[in-house]
Amino acid sequence: MESLIAAVREQDEAARFLVWPGDFDLDRGDHVEEVHLASGATSRSACPSS
C-alpha cells in the first residue's frame, strides 16, 4: 500500500487542495504536536526524514 503522503506528492491538484484551508505543507515532515495513540502503543513517524 502506498502512503497517503506519497500519493499526494504525485498529485499536484490534491496537494494544492490541501494547502488551504488545511495549511498542508509537503515540505514539512515534522509533527506540529505530539501524537498520542488511543491504544497507548508507541507511534512512529509516518513520514521519516529523508
Side-chain angles (χ1 to χ4, degrees):
M1 171 186 255
E2 183 178 21
S3 79
L4 178 58
I5 295 295
V8 170
R9 283 186 194 279
E10 293 173 5
Q11 300 294 324
D12 291 336
E13 186 177 351
R16 283 193 305 271
F17 177 80
L18 293 170
V19 169
W20 188 90
D23 198 26
F24 188 81
D25 184 354
L26 284 171
D27 294 331
R28 292 195 59 184
D30 58 328
H31 291 287
V32 175
E33 20 182 276
E34 191 173 335
V35 176
H36 298 279
L37 302 176
S39 67
T42 303
S43 66
R44 340 180 247 140
S45 176
C47 192
S49 301
S50 323

Is there a path of hydrophobic side-chain contacts, each under 4.5 Å between heavy atoms, that joins L4 and F17? yes

Which residues pass the side chain to side chain contact (heavy atoms under 4.5 Å, CB included) test with L18, not counting sequence neighbours? V8, F24

Those residues that, when tested against A6, pass side chain to side chain contact (heavy atoms under 4.5 Å, CB included) (two or more places apart): E2, S3

